[in-house]
Amino acid sequence: MVDVMLVLLIIFMVTAPLLVAGVPVDLPDSKAGALQNDDKPIQLSLDAQGRIFIDSLEIPADGLAEKLAALREARTDEARVYVRADRGLDYGAVMRVVGEVSASGFRKVALVSDGESKPAGRR
């Protein structure tokens, strides 16, 4: 019985890091704690090239407002939007996307960062 439990524990330990879904983004560091998850949030990602993704679906920049408006209409709850942006992106590009999210009617918008804080200038 103990052997079975240990095998299951090892399987879960190996597969848990593989369950992280989404677009690979090099997130900035932050000292802020993690947010509580109420329900499934909308994941909006900007990769290093500035491409925009909702969950794992790439959205053209000129079609973002329409897609966000459609998502807002489809959701009955106060949906939470997580914005994940690569640390190498221009601040203005990130703020344009956050502005589109806000203009679409979403009020719960959070910027996602890497949980570990590192001294400035070191990686």
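Keep in mind that the numbers below use all heavy atoms, side chains included, and drop hydrogens, waters and symmetry copies. Here, residue 1 is the first one in the sequence, and each next residue gets the next number.
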Report yes or no: does R107 contribute a side-chain atom to a donor-acceptor pair with the main-chain N or O of S102 at less than 3.5 Å? yes

So L68 and I54, do their side chains get closer than 4.5 Å, heavy atoms only? yes

Separation of S104 OG from L64 CG (nearest 0.5 Å): 6.5 Å

Mind checking salt bridge (Lys or Arg N to Asp or Glu O under 4.0 Å) for R96 and listing every partner two or more places apart, or none if nothing turns up? none

Spacing of E100 atom CD and L44 atom CG [to the nearest 0.5 Å]: 10.5 Å

L111 versus V98: any side-chain heavy-atom pair under 4.5 Å? yes

Least distance between heavy atoms, I42 atom then A79 atom: CD1-CB, 4.2 Å

If Ile, Leu, Val, Met, Phe, Trp and Tyr residues are connected whenever their side-chain heavy atoms lie under 4.5 Å apart, and connections chain through other members, are M5 and I10 in the same group? no

May I have all residue pairs that pass salt bridge (charged side-chain N to carboxylate O under 4.0 Å, His left out) and include part of residues 61-73, sequence neighbours excluded? R72-E78

Under the side chain to side chain contact (heavy atoms under 4.5 Å, CB included) test, which residues partner I11, sequence neighbours left out? V7, T15

Among all residues two or more places apart in sequence or in another chain, which pass the side chain to side chain contact (heavy atoms under 4.5 Å, CB included) test with Q43? P41, D55, Y82, R84

Partners of Q49 by side chain to side chain contact (heavy atoms under 4.5 Å, CB included), sequence neighbours excluded? D47, R51

Compare every heavy atom of G88 with every heavy atom of D86, then report the nearest pair and how far apart it is. OD1-N, 2.9 Å

Residue list, side chain to side chain contact (heavy atoms under 4.5 Å, CB included) with L6, at least two apart or on another chain: V2

